[in-house]
Each structure stands twice: as structure tokens, then as C-alpha cells.
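Computed from a prediction, not measured in an experiment: that's the story for all the values here.
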Amino acid sequence: MMLSPDQAEADLSWTQSDPETMLNGLKSAGCTSDEPAEGEDRAKCKAEQPLSREEKRRRRRATAKYRSAHATRERIRVEAFNVAFAELRKLLPTLPPDKKLSKIEILRLAICYISYLNHVLDV
């Protein structure tokens with residue numbers, strides 16, 4: 001980062017802060033402990049300030065319980081997705097009938113098969 005000669009030293013205060021200045025900043029933010037906040041204490045300190053909607057969402061999503069529930073929902077969703085593809089695959093004619101097809105191949109074959117059936121109905 002290049003600094004211009006006319007830039008005020010006040011603009012650089014964030015780079016040159018000492019522990020005392022940081023502690024005063026924490027106290028003014030609602031933390032009254034003389035020791036630096038760590039772990040859960042830091043969360044309590046910040047909890048005193050009103051949290052934004054995004055910050056609340058981030059904290060909720062950071063819990064192990066939430067992550068576990070989300071992973072379970074995702075597993076169920078993917079399983080249902082795969083079952084739907086398996087059902088669609090059973091309806092499509094291929095040679096040999098047990099040929100392994102990718103999901104995109106199943107979709108393309110389904111499009112062609114639907115077009116063929118529409119053509120048969122129109123004739």
C-alpha cells in the first residue's frame with residue numbers, strides 16, 4: 001500500500017495501536033474486563049452490542065448442532081434427488097437396459113424420448 005506524503009497520521013492509527021488503546025476501545029464498546037477478551041468472553045462482550053441480522057445468522061450457522069442438522073437435510077435432499085433420477089432412468093429405453101448413465105445423459109435421453117413420444121402422438 002502506497003501512502004501519500006500529505007496523508008494525516010490519524011489515518012494510520014489502526015496500524016499503530018497499542019494494547020492500552022485497544023483495551024480502552026473494548027471498554028467503550030461495553031467490555032469492562034481488564035483482561036483481553038478471548039473465546040466465549042469475547043462473544044459475551046460483543047453480545048452486549050446489537051447484532052446485525054447477518055451476524056446473527058452467521059453465529060447461528062456456526063454451531064455444531066446447526067451444521068449437523070444442515071448436513072442431515074442435505075443428505076436427505078441428495079438421496080431424494082438420486083431416487084428421482086433412478087425412477088426416470090427406469091422409464092427410458094436403452095440398449096443394454098442396465099447400462100449405467102450419468103445424470104446429464106439421463107436428462108438428454110428423457111428429452112429425446114419425450115420428443116419421440118410427441119411425434120408418435122402427432123402422426
Side-chain angles (χ1 to χ4, degrees):
M1 178 173 128
M2 297 294 292
L3 299 175
S4 65
D6 55 20
Q7 188 173 13
E9 284 187 24
D11 295 344
L12 301 175
S13 63
W14 61 273
T15 60
Q16 300 170 352
S17 59
D18 61 331
E20 187 70 30
T21 307
M22 291 174 66
L23 186 58
N24 289 338
L26 287 173
K27 285 181 180 178
S28 67
C31 297
T32 56
S33 172
D34 288 337
E35 296 177 356
E38 289 186 14
E40 204 169 306
D41 293 337
R42 182 181 295 157
K44 287 179 185 176
C45 175
K46 287 188 176 182
E48 293 175 9
Q49 300 175 4
L51 298 174
S52 69
R53 181 180 296 169
E54 185 63 30
E55 182 64 24
K56 288 178 185 176
R57 185 178 299 134
R58 257 191 233 114
R59 285 190 183 186
R60 185 176 62 242
R61 289 180 178 172
T63 64
K65 182 179 175 183
Y66 181 89
R67 286 193 311 269
S68 175
H70 179 72
T72 302
R73 286 191 308 270
E74 180 66 10
R75 206 174 302 113
I76 292 169
R77 186 193 69 81
V78 169
E79 186 177 327
F81 187 75
N82 290 335
V83 167
F85 267 100
E87 292 295 317
L88 179 59
R89 171 66 185 90
K90 289 178 189 176
L91 300 173
L92 300 174
T94 57
L95 289 174
D98 59 344
K99 182 176 189 269
K100 177 76 173 145
L101 298 172
S102 69
K103 290 177 177 141
I104 191 70
E105 289 171 330
I106 292 171
L107 291 174
R108 288 179 178 151
L109 188 57
I111 290 168
C112 291
Y113 189 54
I114 291 168
S115 296
Y116 167 75
L117 293 176
N118 279 333
H119 177 69
V120 169
L121 287 175
D122 290 341
V123 174

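In this structure, I106 and L92 approach most closely via the heavy-atom pair O-CD1, 3.5 Å. The shortest non-hydrogen separation linking K100 to E105 is O-OE1, 4.3 Å.
One finds a salt bridge joining R58 and E55 here, because a Lys/Arg side-chain nitrogen approaches an Asp/Glu carboxylate oxygen to under 4.0 Å. Of the charged side-chain nitrogens involved, none lies within less than 4.0 Å of a carboxylate oxygen, so that E79 and R75 do not count as a salt-bridged pair.
Shown are V123, L117, D122; of these, the side-chain contact (heavy atoms from CB on, under 4.5 Å) with H119 is made only by V123.
Here the CG-OH distance, from L121 to Y116, works out to 10.0 Å after rounding to the nearest 0.5 Å. To the nearest 0.5 Å, atoms CG (L109) and CD1 (I114) are separated by 10.0 Å.
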Go through it in stages, so that I can follow the logic: the residues are R89 and K99, the test is side chain to side chain contact (heavy atoms under 4.5 Å, CB included), and I'd like the CA-CA distance, side-chain angles, deciding distance and then a yes or no.
CA-CA 10 Å; R89 171 66 185 90; K99 182 176 189 269; 4.2 Å; yes

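Under the rule for a side chain to side chain contact (heavy atoms under 4.5 Å, CB included), the partners of K56 that lie at least two apart in sequence or sit in another chain are L51. Listed by chain and number, the residues in a side chain to side chain contact (heavy atoms under 4.5 Å, CB included) with R61 are R57, Y66 (sequence neighbours excluded). Residues passing the side chain to side chain contact (heavy atoms under 4.5 Å, CB included) test with R77, sequence neighbours excluded: E74.
Residues V120 and Y113 share a hydrophobic cluster, clusters being chains of Ile/Leu/Val/Met/Phe/Trp/Tyr side chains in contact below 4.5 Å.
Environment of CZ in R53: sparse, with no more than 12 heavy atoms of neighbouring residues, nucleotides or ligands closer than 6.0 Å.
Between the T63 side chain and the R60 main chain, a donor and an acceptor come within less than 3.5 Å of each other.
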